[in-house]
Amino acid sequence: MSNKELASLFSTIALYLEIEDVPFKPQAYERAAGVLETLQERVEDIYEREGVKGLDKISGVGKGMAEKIEEYIKTGAIGEYEKLRKKIPIDIKELTRIEGVGPKMVRDLYKHLKIKTIADLEKAAKAGKVRKLPNFGERTEQNILQGIEFVKRSKGRWLLGTIFPYVEVLLGKLEGSPFVTRAIAAGSIRRMKETVGDVDILITSEKPEKAIGYFLSVVSYEKIWGKGATKVSVRTREGFDIDMRVLPEEVFGAGLQYFTGSKEHNVRLRTYAASKGYKLSEYGLFRGKRRIVLQQSQDNSERSRRIACATEEDVYRALGMNYIEPELREDHGEIDAALRQAQGKLPGLPKVIPYGSLKGDLQVQTDWTDGKDSIEAMAREAKKQGLEYIAITDHTRDLAMTGGMDEKKLLSQMREIDKINEKFKAQGEKFRVLKGAEVNIRKDGTLDITDEVLAKLDVVGISVHSNFKMPKKDMTARIVKAMGNPHADILFHPTGRLIAKREAYQVDMDEIIATAKKTGTILEINAFPERLDLADSNIKRAVEAGCKMAIDSDAHSISHLGYLRYGVAQARRGWAEQQDIINSYPLKEMLSLLK
DNA sequence: GCCGTTTTCGGCCCGACTGTTTTCAGTCG
């Protein structure tokens with residue numbers, strides 16, 4: 001049981017209530033779900049310590065919901081939810097994932113066509129039945145089909161930001177077991193891909209069977225797909241699959257290399273090995289081409305031919321190349337670069353930005369708009385995480401739904417930031433809060449805050465939040481114009497994509513990169529797990545063009561500040577070095593890189 | 001259902017866009 005599961009139940013209840021046209025309650029449930037989603041402490045712990053009263057104290061949770069949480073802790077279910085689910089047997093979470101489909105549409109689709117699932121909807125839309133419904137039309141039907149395609153394409157993959165914390169905890173537990181010597185996540189998690197299909201965990205152990213037993217005792221699984229002497233595969237209660245393999249210590253490097261992938265990287269590496277008279281497998285690098293017939297052949301001739309496999313470094317070195325960081329293993333030219341580097345030729349592999357090298361965060365929202373925490377709380381948490389500065393970048397006027405700030409509110413926030421900085425100074429704390437904003441780029445490329453006020457800010461972020469469906473040429477011109485503003489420092493989430501939810505808007509990235517270079521505008525690598533925008537391929541292009549970038553968390557609560565590491569991972573995947581990322585510089589140097 | 005230097009009752013973020021409509025509901029941010 002987790003806060004997240006509870007949050008998901010509450011937000012589903014919100015959707016059901018919206019279908020029922022219940023006023024105001026949906027927002028209350030939605031709000032509580034949002035709070036639970038980012039709550040640091042487990043509700044069970046709060047309940048254990050302070051009972052229902054403690055739950056009631058959580059903001060957004062009142063008496064009613066506190067009792068539902070209690071019910072959930074005690075019985076594992078919420079009666080209200082079960083009742084609604086029975087009454088309205090629709091896969092509503094799934095259906096509303098389709099862009100443009102909300103609760104009211106789901107209600108009508110069910111009422112008229114008995115549509116319960118995405119599969120039902122696709123069938124009906126393809127048969128042209130949807131367009132005939134009242135208030136639906138051909139255009140809506142097309143949009144629905146497009147939305148379904150997008151959802152289907154991203155199905156079965158999970159955001160790195162969802163999986164990663166789970167895996168970290170699991171690895172910690174495994175390493176705590178007396179039966180496990182080492183535990184590490186391989187696969188797309190180790191490569192820090194933005195989405196993850198399933199989780200691959202490798203361990204070494206003296207007692208594989210016991211280690212597997214231990215794994216099953218600490219992971220909450222729904223189903224065991226298979227279980228053998230050295231491998232076990234489960235579907236977790238959260239709904240994703242974990243494969244765990246036990247490797248002998250002496251081939252751990254080769255195994256890790258193999259299971260880290262990517263497939264494309266490995267194919268290329270094996271082909272290269274073969275061309276040099278080697279054979280590479282998960283059991284090591286071997287001289288000669290004779291195939292191993294048995295999977296885990298331990299005969300002496302095999303062993304004597306085995307030349308590298310204890311560490312990954314051994315494997316790459318034996319093949320005559322430098323070590324390749326997992327984030328680079330996508331067959332995007334890294335093998336040739338590693339070979340060149342080992343021979344002292346250029347260009348070699350990039351010296352990718354190390355984790356933990358950021359000194360600041362240049363996009364942070366607070367409770368002045370749609371963030372959940374105060375300026376000071378965000379600053380203190382950032383400091384705790386080892387940062388030296390953050391920029392407060394709340395939304396501006398046009399984003400009315402977030403309580404977007406006009407010039408007056410912005411000026412008043414600037415005075416508040418002055419006060420907080422003075423307070424830090426008085427307390428002898430070395431930390432700086434920068435004045436900033438996430439300024440909206442209007443349809444015509446102008447900004448929604450006057451230049452006079454922008455000039456007073458330390459950091460001006462600009463971004464697109466509306467009119468996503470403009471033609472590519474117009475969208476590019478719109479952004480290029482905004483980048484030309486003499487105060488516009490950073491282009492936030494440059495392509496607007498939401499992974500598994502919304503495509504990037506149409507924009508000519510080459511022109512944006514060229515404009516960034518020309519105008520000295522910084523491009524953002526937004527680290528929020530569902531954005532990760534720029535994508536790795538665009539980062540690589542920006543690096544090649546000599547553009548500077550900033551890695552920002554886009555935090556809306558203190559718990560989001562940790563997202564920065566996903567941004568660093570994204571930068572590494574895009575071959576970026578520390579010098580390319582302005583917020584890896586100390587404050588003064590960073591500021592000197594802004595307009 | 002939640003919350004309160006706005007009131008323990010009576011409010012709840014709100015403007016733009018889209019597609020369906022002849023005046024608006026639904027969705028998104």
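This structure is a prediction, so every number in the text was calculated from the model and none was measured. So that the names make sense, note that chain A is the first sequence line, chain B the second, and so on, each numbered from 1.
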A.B. asks: Roughly how many Å apart are B:dC17 and B:dT23, using the C1' atom of each and rounding to a whole number?
C.D. replies: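 Comparing C1' positions in B:dT23 and B:dC17 gives a spacing of 16 Å.
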A.B. asks: Round to a whole Å and report the spacing from CG of A:Asp444 to P of B:dA16.
C.D. replies: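 Distance, rounded to whole Å: 14 Å.
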A.B. asks: Going by distance alone, is a donor N or O of one side chain under 3.5 Å from an acceptor N or O of the other, for A:Glu138 and A:Gln142?
C.D. replies: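 No.
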A.B. asks: In whole Å, what is the span from the CG atom of A:Asn440 to the P atom of B:dC14?
C.D. replies: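 Going from A:Asn440 (CG) to B:dC14 (P), I get 18 Å.
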A.B. asks: Mind checking the P distance from B:dT27 to B:dT21? Whole angstroms is fine.
C.D. replies: 15 Å
A.B. asks: Taking the ring of A:Tyr72 and the ring of A:Tyr81, is the distance between their centroids below 6.0 Å?
C.D. replies: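 Centroid distance A:Tyr81-A:Tyr72: not below 6.0 Å, so no.
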A.B. asks: On a whole-Å scale, what distance lies between the P atoms belonging to B:dT7 and B:dT20?
C.D. replies: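 Nearest-Å result for B:dT7 against B:dT20 at atom P: 46 Å.
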A.B. asks: Given atom CD of A:Gln27 and atom C1' of B:dG11, what is their separation to the nearest angstrom?
C.D. replies: 12 Å
A.B. asks: What does A:Phe468 touch in the nucleic acid at a heavy-atom separation under 4.0 angstrom: a base, only the sugar-phosphate, or nothing?
C.D. replies: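 Touches sugar-phosphate only.
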A.B. asks: Write down the distance between CE (A:Met405) and C1' (B:dG29), rounded to a whole number of angstrom.
C.D. replies: 17 Å
A.B. asks: Could you verify whether a donor N or O on one side chain and an acceptor N or O on the other, from A:Gln570 and A:Asp536, lie under 3.5 Å apart?
C.D. replies: no
A.B. asks: Could you tell me if A:Ser466 and A:Lys443 have a donor-acceptor pair between their side chains, going purely by distance under 3.5 Å?
C.D. replies: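 A:Lys443 vs A:Ser466: no donor-acceptor pair found between side chains.
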A.B. asks: May I have the distance from A:Leu399 (atom CG) to B:dC13 (atom P), rounded to whole angstrom?
C.D. replies: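 After rounding, the gap between these two atoms is 16 Å.
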A.B. asks: When the P atoms of B:dC3 and B:dT18 are considered, how many whole Å apart are they?
C.D. replies: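 It comes out at 36 Å once rounded to the nearest Å.
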A.B. asks: Say whether A:His465 and A:Glu438, considering side chains only, have a donor N or O and an acceptor N or O under 3.5 Å apart.
C.D. replies: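 Yes.
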A.B. asks: Measuring only the C1' atom in each nucleotide, how far is B:dG1 from B:dT5? A whole number of Å is fine.
C.D. replies: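 That atom pair is separated by 23 Å.
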A.B. asks: Where along nucleotides 1-7 of chain B does protein come under 4.0 Å, by heavy atom, of base (B) or sugar-phosphate alone (S), with - for untouched nucleotides?
C.D. replies: BSS----
A.B. asks: Quick one: closest heavy-atom pair of A:Leu561 and A:Val364, and the distance?
C.D. replies: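 The answer is CD2-CG2, 4.2 Å.
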A.B. asks: In whole Å, what is the span from the CD atom of A:Glu18 to the P atom of B:dC12?
C.D. replies: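 Between P of B:dC12 and CD of A:Glu18: 17 Å.
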A.B. asks: How long is the line joining CD of A:Gln146 and P of B:dT27, in whole Å?
C.D. replies: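 The answer, rounded to whole Å, is 18 Å.
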A.B. asks: Are the side chain of A:Asp394 and the backbone of A:Thr366 linked by a donor-acceptor contact shorter than 3.5 Å?
C.D. replies: yes
A.B. asks: What's the gap between B:dG15 and B:dG10 when it is taken at their C1' atoms, as a whole Å value?
C.D. replies: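 Roughly 24 Å separates the two C1' atoms.
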A.B. asks: Sort out the partner of B:dT8 for me: Watson-Crick or G-U wobble, both distances under 3.5 Å, none otherwise.
C.D. replies: none
A.B. asks: Is it true that the side chains of A:Lys4 and A:Thr162 contain a donor and an acceptor less than 3.5 Å apart?
C.D. replies: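 Not at all, the side chains of A:Lys4 and A:Thr162 share no donor-acceptor pair under 3.5 Å.
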A.B. asks: At under 4.0 Å between heavy atoms, which parts of nucleotides 17-26 of chain B does protein reach? Answer with one letter per nucleotide, 5' to 3': B base, S sugar-phosphate only, - none.
C.D. replies: S-SS-----S
A.B. asks: Is there a donor-acceptor contact under 3.5 Å linking the side chains of A:Thr396 and A:Asn440?
C.D. replies: no
A.B. asks: Quick check for you: to the nearest 0.5 Å, what is the distance between A:Leu534 atom CG and A:Ile551 atom CD1?
C.D. replies: 10.5 Å
A.B. asks: Would you measure the distance from the C1' atom in B:dT6 across to the matching atom in B:dC2 and give it in whole Å?
C.D. replies: 15 Å
A.B. asks: Between B:dC13 and B:dC28, how far is it from one C1' atom to the other, in whole Å?
C.D. replies: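 After rounding to an integer number of Å, I get 13 Å for this pair.
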